[in-house]
There are 2 protein chains.
Amino acid sequence: MSATIKDVAKRAKVSISTVSLVINNNPRISESTRQRVLKAIRELNYYPRRAARGLVSHKTGNIGFILTEDHFSRHEPFYTRIFLGTEFEARELEYYILLTTVHPDFKPTSRLPRFILERNVDGVIFAGKVPDSLIQLIEARGIPVVFVDYHPPRGNYPAVLIDNISGGMLATQHLIDCGRRRIGFLGGDFDHPSIYDRYQGYRQALERNHIPFEDNRVVTDEPYPDRISGYQAMEKLLAKAPDVDAIFACNDAMALGALQYLKEKHRNVPEEISIIGFDDVEADLTVDPRLSTIRVNKEELGIQAIRLMIEILNSDKKLPRKILVPVELIERESTCSITENR
Amino acid sequence: MSATIKDVAKRAKVSISTVSLVINNNPRISESTRQRVLKAIRELNYYPRRAARGLVSHKTGNIGFILTEDHFSRHEPFYTRIFLGTEFEARELEYYILLTTVHPDFKPTSRLPRFILERNVDGVIFAGKVPDSLIQLIEARGIPVVFVDYHPPRGNYPAVLIDNISGGMLATQHLIDCGRRRIGFLGGDFDHPSIYDRYQGYRQALERNHIPFEDNRVVTDEPYPDRISGYQAMEKLLAKAPDVDAIFACNDAMALGALQYLKEKHRNVPEEISIIGFDDVEADLTVDPRLSTIRVNKEELGIQAIRLMIEILNSDKKLPRKILVPVELIERESTCSITENR
DNA sequence: CCAGTATAGTAAAACGTTTTACCAATAATA
DNA sequence: TATTATTGGTAAAACGTTTTACTATACTGG
């Protein structure tokens, strides 16, 4: 087999400990022996084995990435991109990512992810909404955690979040800049902080522009913000407030559903009713008109999550810092100025 | 800290070895002591540490996934889906995937991926075309390898491949079934076995239908099969063979480029010229007309690769088996029967 | 010149498993 | 009954590092 630390020690005529100290850049070793050891390492093509290191140092060099099964399949491109962001940044910073999904109704008696049981990760990143019982179980084991695109209502954790409030304001302000005044909001599941924050951004933008908020221009009783509920919410909204001239949907899925409804009813988008979504998913480009939206840099969410995690691992303090990742307005064809055709 | 094998041994009043044997389902242990040990394990919530196991057993429970940087970025959705397929299946089979990218011009002196140096994987899956020097270096270390969507020209390795020949025949036969007879082929980089095989499928379908092959209906001098080269290849083809009534492009990217050219020249697709691609990528749905294509199940490629790898790891024989993943014809709007409007 | 203090290096324990060789007790065989 | 197998279990070595406590040597200041 290949060289071990023992072989290096023998060749450099030093003790094993000395080699170890050199590897770990301990200043206790003089320059001359350091060079001698490094030479032996080079000549033998030595590289320390992860398993041996991990056994005694209790560091694995791995970071766990956990999300629920339905998040992975339902929001596939979104969380995939966050995951790829973590992968990318982890590689830079000499870590590896271990991915796993959990069932959304994780019970306190459910079996933990294998990498937790095996103590094969130094920390865990939770992506999206995850069961509270799972969080508690992992925390109880003293494993550092970082949240991305979610923060549990209870407690105070390090988290990387989309700047949803600014995004909501940005979207709404864009519609206002288009001359729209009767702006509706389509949302689902207010329990989800992201959606609630986007709604807050909507409210704040209205207020800032001295546009009175009208309760009947808001539909938020859909349980899950997907395409179908966007379709239904649009129908409800139009029944309550037939005069809306713009829609801010809490995400692109709902926006696309709403758009579909409007097209079926032969309402002119964007002239008669402009519509803007949130997230910037691939499908936005496949529809006609292409959907204006608020772009979320998903990879950046992952990158920031890794950086935050590694900072925590290196400082081993609790630092429940929140990082807000900025968003960007993407103007496409589903929004336009009201003056253009009056 | 949490329980170790020692604690279990003490509580069950057996030796450490016995506990280990129970964990590893060794039949040497009697049912009664086995139960006693299992009880202790349950009571102490014991789970063996990966690092300690790995140190002595020389198994890591990890599988490396290597592809070149440009494959990851250029063909992003394609290889991402293969990767997700491996992730998914690995989880089922109690492995983890460690992902890394390498530079496309990996030199024999380049630094190997860290998980190789650290001996942190039991085997390596190569996705797409990878540098030969890298393959050789990894093989030289005795690490089992599996290829997916590529097989190096030299040697004989286990590989999971798209059934490109059948796919090429399927695509061409579909055009023939549409009544087309003057069918062009657009390809790039013939060095790539996939593309070459698709071309062979094209040839075979023509032959089977007794349609003479015409050299000037083929353009294959584009270096890289992307959208731009599809555009250019289409231009060249039309110059050489203005009478083509159908196009089989070696992949969707080229097909989309060709489609763009035809639209700019106001050629009627699909009536005048039908066009079919290969891969079935997301963008196929965003174009008008939506692209007919040969669907490749990317996740399935990854799943099969993992299964093959684990079979190899468990049998530790060399088994250079090839697995062909079948493809499927997807009829959309870019192909139609020639009789429809004659 | 001597006690005290850096400096540079080492020996040995520890990390938590698997595995190998061995042993005792029991069963099977001649 | 004596020998040989078989069964069920154990002791101890090994895996390849890090880390802690210790030592020898050289230096420093009084």
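Because the structure is predicted, anything quoted here is derived from the model rather than measured. Protein chains get the first letters and strands the later ones, always in sequence-line order, with residue 1 at the start of each.
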A.B. asks: Give the residues of residues 13-29 of chain B touching DNA chain D, defined as any heavy atom closer than 4.0 Å, sorted by residue number.
C.D. replies: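 When residues 13-29 of chain B is checked for heavy atoms under 4.0 Å from DNA chain D, the hits, listed by number, are B:V14, B:S15, B:S17, B:T18, B:L21, B:R28, B:I29.
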A.B. asks: Mind calculating the distance between NZ (B:K10) and C1' (D:dT10) to the nearest angstrom?
C.D. replies: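 After rounding, the gap between these two atoms is 17 Å.
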A.B. asks: Around A:K322, counting heavy atoms of other residues, nucleotides and ligands shown, do more than 12 lie under 6.0 Å from its NZ?
C.D. replies: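 Buried by this count: over 12 neighbours within 6.0 Å.
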A.B. asks: Quick one: does any side-chain atom of B:D7 pair with a main-chain N or O of B:T4 as donor and acceptor, under 3.5 Å?
C.D. replies: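 Indeed, once roles are kept as given, a pair shorter than 3.5 Å links the two residues.
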A.B. asks: Would you say A:R36's side chain and A:A12's backbone share a donor-acceptor pair under 3.5 angstrom?
C.D. replies: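 Pair found, side chain donor or acceptor close to backbone of A:A12.
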A.B. asks: If a pair satisfies salt bridge (charged side-chain N to carboxylate O under 4.0 Å, His left out) and one of its residues is in residues 89-100 of chain B, list it, with sequence neighbours excluded.
C.D. replies: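 Only A:R114-B:E94, B:E89-B:R307 qualify under salt bridge (charged side-chain N to carboxylate O under 4.0 Å, His left out).
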A.B. asks: Under the side chain to side chain contact (heavy atoms under 4.5 Å, CB included) criterion, do B:L98 and B:I63 qualify, and how do the steps go?
C.D. replies: CA-CA 6 Å; B:L98 304 187; B:I63 293 171; over 6 Å; no
A.B. asks: From CG of B:N120 over to P of D:dT17, roughly how many Å is that when rounded to an integer?
C.D. replies: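 Between P of D:dT17 and CG of B:N120: 13 Å.
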A.B. asks: Let's see if you get this right: which residues in residues 31-40 of chain A place a heavy atom under 4.0 Å from DNA chain D?
C.D. replies: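 Contacts with DNA chain D under 4.0 Å: none.
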A.B. asks: Take atom CG of A:D7 and atom C1' of D:dC15, then tell me their distance rounded to the nearest Å.
C.D. replies: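 It works out to 14 Å between those atoms.
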A.B. asks: OP1 or OP2 of C:dT17 versus the side-chain N and O atoms of B:Y46: is any pair under 4.0 Å?
C.D. replies: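 For C:dT17, OP1/OP2 do have a side-chain N/O of B:Y46 under 4.0 Å.
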A.B. asks: Could you check how far CG of A:L55 sits from C1' of C:dG16, rounded to whole Å?
C.D. replies: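 Going from CG in A:L55 over to C1' in C:dG16 covers 5 Å.
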A.B. asks: How close or far is atom P of D:dG16 from atom CD of B:E118, stated in whole angstroms?
C.D. replies: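 So the two atoms are 15 Å apart, to the nearest Å.
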A.B. asks: Is the side chain of B:H103 donor-acceptor paired with the backbone N or O of B:D105 at a distance under 3.5 Å, no angle test?
C.D. replies: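 Looks like no, no N/O pair under 3.5 Å.
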A.B. asks: State, to the nearest 10°, the angle formed by the axis through the first five base pairs of the helix from C:dC1-D:dG30 to C:dA30-D:dT1 and the axis through its last five.
C.D. replies: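 Rounded value for the end-axis angle: 40°.
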A.B. asks: What residues, two or more places apart in sequence or in another chain, satisfy side chain to side chain donor-acceptor pair (under 3.5 Å) together with B:E299?
C.D. replies: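 B:E299: side chain to side chain donor-acceptor pair (under 3.5 Å) contacts with B:R81.
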A.B. asks: Return the orientation label for the A:F65 and A:F83 ring planes: parallel under 30°, perpendicular over 60°, tilted otherwise.
C.D. replies: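 Geometry flag for A:F83 against A:F65: perpendicular rings.
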A.B. asks: Rounded to whole angstrom units, what separation is found between the NZ atom of A:K6 and the P atom of C:dA11?
C.D. replies: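 Computing the A:K6:NZ to C:dA11:P distance gives 13 Å.
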A.B. asks: Which residues pass the side-chain contact (heavy atoms from CB on, under 4.5 Å) test with B:D132, not counting sequence neighbours?
C.D. replies: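 B:D132 satisfies side-chain contact (heavy atoms from CB on, under 4.5 Å) with B:I135, B:Q136, B:P152, B:R154 once adjacent residues are dropped.
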A.B. asks: Calculate the interatomic distance between B:I5 atom CD1 and C:dT19 atom P; express it in whole Å.
C.D. replies: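 Distance check: B:I5 CD1 to C:dT19 P gives 11 Å.
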A.B. asks: Aromatic ring centroids of B:F115 and A:Y96 under 6.0 Å?
C.D. replies: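 Ring centres of A:Y96 and B:F115 closer than 6.0 Å.
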A.B. asks: Should we count OH of B:Y47 as having more than 12 external heavy atoms under 6.0 Å?
C.D. replies: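 Atom OH in B:Y47 is packed in, count exceeds 12.
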A.B. asks: Determine: side-chain N/O of A:S30 to OP1/OP2 of C:dG9, distance under 4.0 Å, yes or no.
C.D. replies: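 Result: yes.
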A.B. asks: If I take atom NE2 in residue A:H58 and atom P in nucleotide C:dC15, what distance separates them, rounded to the nearest angstrom?
C.D. replies: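 Going from NE2 in A:H58 over to P in C:dC15 covers 7 Å.
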